[in-house]
Enquirer: 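Input: one structure, supplied below.
Note that ligands are numbered from 1 as they come in the structure, with each ligand's atoms numbered from 1 the same way.
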Amino acid sequence: MSIKTSKRADKISKSPIRAVFDLAAGNKGEYINLAIGQPHFDVPSMLKTSTIRAIEEGSNSYEQSIGNIGLRKKIAEKLKNKNFINADYNNIIITSGVSGGIFLALSSIIDENDEVIISDPLFGMYKQILNFLGAKIIIHNTYPEFRLKAEKLKKLISKKTKLIIINSPNNPTGMVYDKNELCKLAEIADKFNTPVLSDEIYEKFDYKNKFFSIGSIYENTITLNGFSKSHSITGWRLGYAHAPAEIIEAMVKIQQYTFVCAPSLAQKAMINNININLSRNIAQYKKNSQLVFKEMRNNFDLIEGEGAFYAFIKIPNKNFIKKAIEKKVLIVPGSAFSVRNTHFRLSFAAKTEDLKKGLDILNSL
Ligand SMILES: Cc1ncc(COP(=O)(O)O)c(C=O)c1O
């Protein structure tokens with residue numbers, strides 16, 4: 001007997017990134033994995049200790065759906081001091097990773113047939129969830145420089161635009177939008193009173209000190225951030241959102257009947273580790289970013305990276321990705337992030353020696 005799945009579920013396609021992972025599963029050590037979107041660093045030891053203590057001291061029950069009040073207050077402080085956002089802890093919800101924040105925010109804002117502008121290329125989850133919700137996706141093409149294009153945005157936005165989504169530092173391009181670009185975007189969005197969702201998960205991976213939060217100049221912003229990448233805890237599922245009160249209220253309602261709460265022990269442990277010094281890890285990825293540019297610039301069409309831990313590189317010849325995988329180097333086809341399939345994403349979240357080996361092989365192809 002077969003069960004027919006919902007039309008809504010059928011609108012989601014399987015992740016091409018997971019398909020690359022599946023290829024490597026069971027063959028650990030055989031592949032050089034330049035496909036992975038998570039740091040290779042271990043979890044900071046202070047955070048491990050705090051988490052074990054949190055379990056032992058009883059942070060094992062349900063947490064409030066809006067999140068731990070101590071952590072929300074710490075995040076509000078951070079958003080005020082580091083991001084210059086006029087943050088209030090009442091307008092912060094703790095989510096199950098930024099993915100949880102994406103799902104709650106989009107389901108709080110988007111109705112069927114609503115128009116949403118997304119930059120292309122972009123982290124694939126946005127498109128999938130928007131399809132799931134029946135939104136009409138409007139593509140803001142950022143090729144070839146991968147920057148925000150004010151003139152294009154002015155043509156795409158209208159009274160029908162329900163939301164604009166950006167991600168900086170960007171997955172997969174490695175670009176970081178500067179203050180000037182974001183001010184122009186805020187001005188355009190403000191004319192139509194359109195909210196902006198800003199995914200800032202790679203904030204700490206900012207190699208040219210360009211990072212700027214649009215939420216500091218535009219109140220109608222949903223700021224998403226989290227600890228998966230910065231603290232190397234992708235499996236712990238911890239993120240947060242800051243947004244106008246009515247959006248947070250809707251997100252809390254949906255959280256109550258879906259995720260219920262983000263993991264309580266991770267929330268408790270993070271209270272004293274939110275500002276932990278991660279500069280050594282970041283410095284190593286900055287070096288990796290420079291290495292990728294230095295080693296690849298002669299044979300490939302790529303832009304010097306500014307942030308995150310990815311390079312988005314033009315495919316130089318036919319079957320390149322297939323040939324790379326045959327040579328045991330895992331990379332991700334650009335179509336996982338874009339309507340085009342002209343590029344591949346290389347992740348440099350790897351040990352420098354593995355990265356070097358992988359780059360040598362890609363150059364040999
Ligand atoms: C841009 C972006 N947003 C959100 C996420 C999801 O992160 P989390 O592990 O916090 O759910 C990722 C993960 O790769 C990402 O690249």
Enquirer: How far is atom 7 (O) of ligand 1 from its nearest protein heavy atom, and which residue and atom is that?
Expert: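 Residue, atom and distance for the closest contact: Ile201 CD1, 3.2 Å.
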Enquirer: Looking at atom 9 (O) of ligand 1, what's its closest protein heavy atom, distance included?
Expert: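 Going by distance alone, atom 9 (O) of ligand 1 is nearest to Ser228 OG, 2.7 Å.
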Enquirer: Is it the case that the side chains of Asn273 and Ser50 hold a donor-acceptor pair, with the cut-off being a distance below 3.5 Å and no angle test?
Expert: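 The answer is yes; a qualifying pair exists.
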Enquirer: Please indicate whether any nitrogen or oxygen in Val98 is less than 3.5 Å from any nitrogen or oxygen in ligand 1.
Expert: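 So ligand 1 has an N or O lying under 3.5 Å from an N or O of Val98.
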Enquirer: Determine the minimum heavy-atom distance between Asn288 and Ala350, stating which atoms define it.
Expert: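 Scanning both residues, the minimum pair turns out to be ND2-O, 3.0 Å.
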Enquirer: Looking only at N/O atoms, are Asn167 and ligand 1 under 3.5 Å apart anywhere?
Expert: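 In fact, backbone or side chain, Asn167 has no N or O that close.
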Enquirer: Classify the angle between the aromatic ring planes of His40 and Tyr285 as parallel (below 30°), tilted (30 to 60°) or perpendicular (above 60°).
Expert: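 If you compare the ring of His40 with that of Tyr285, the planes turn out tilted.
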Enquirer: Judged by non-hydrogen atoms, does Gly226 sit under 4.0 Å from ligand 1?
Expert: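 No, Gly226 has no heavy atom closer than 4.0 Å to ligand 1.
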Enquirer: Between Tyr202 and Phe309, is the gap from one ring center to the other below 6.0 Å?
Expert: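 Yes; Phe309 has its ring centre under 6.0 Å from that of Tyr202.
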Enquirer: What's the shortest distance from atom 6 (C) of ligand 1 to any protein heavy atom, and which residue and atom give it?
Expert: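 So the nearest neighbour among protein heavy atoms is Ser99 OG, 3.4 Å.
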Enquirer: Identify the closest protein heavy atom to atom 13 (C) of ligand 1: which residue and atom is it, and at what distance?
Expert: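 It is Lys229 NZ, 2.9 Å.
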Enquirer: Is there side-chain contact between Ile313 and Leu362, with at least one heavy-atom pair below 4.5 Å?
Expert: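 No, every pair of side-chain atoms sits at 4.5 Å or beyond.
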Enquirer: If the cut-off is 4.0 Å to any non-hydrogen atom of Asp199, which atoms of ligand 1 fall inside it?
Expert: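 The list of qualifying atoms is 1 (C), 2 (C), 3 (N), 4 (C).
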Enquirer: Determine the interplanar angle of the Phe300 and Phe320 rings, folded into 0 to 90°, and report it as parallel if under 30°, tilted if 30 to 60°, perpendicular if over 60°.
Expert: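 Perpendicular: the ring planes of Phe300 and Phe320 meet at over 60°.
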Enquirer: Please determine if Arg345 forms a cation-pi arrangement with Phe337, meaning its NZ or CZ atom is less than 6.0 Å from the six-membered ring centre and no more than 45° off the ring axis.
Expert: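 Cation-pi check for Arg345 and Phe337: fails.
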Enquirer: Is ligand 1 under 4.0 Å from a heavy atom in the side chain of Met125, in the backbone, in both, or in neither?
Expert: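 Near ligand 1, Met125 shows nothing, with every heavy atom at 4.0 Å or more.
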Enquirer: Take every heavy atom of Arg237, measure it against each atom of ligand 1, and state whether any distance is under 4.0 Å.
Expert: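 Heavy atoms of Arg237 do come under 4.0 Å of ligand 1.
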Enquirer: For Asp114, run the side chain to side chain donor-acceptor pair (under 3.5 Å) check against Lys136, Lys160, Lys162 and tell me which one passes.
Expert: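 Among Lys136, Lys160, Lys162, the one that satisfies the side chain to side chain donor-acceptor pair (under 3.5 Å) with Asp114 is Lys162.
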Enquirer: If the contact criterion is a heavy-atom separation under 4.0 Å, does Gln38 count as touching ligand 1?
Expert: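 For ligand 1, residue contact (heavy atoms, under 4.0 Å) with Gln38 is absent.
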Enquirer: Are Asn83 and Ser216 close enough that a side-chain donor and a side-chain acceptor fall under 3.5 Å?
Expert: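 Absent: no donor and acceptor within the cut-off.
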Enquirer: Where is the nearest protein heavy atom to atom 12 (C) of ligand 1: which residue, which atom, and how far?
Expert: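 Checked against all protein heavy atoms, atom 12 (C) of ligand 1 sits closest to Phe123 CZ, 3.4 Å.
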Enquirer: Does ligand 1 have any atom sitting under 4.0 Å from a heavy atom of Tyr202?
Expert: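 Yes.
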Enquirer: Could you tell me, atom by atom, which parts of ligand 1 come under 4.0 Å of a heavy atom of Gly97?
Expert: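 With Gly97 as reference, the close atoms of ligand 1 come out as 10 (O), 11 (O).
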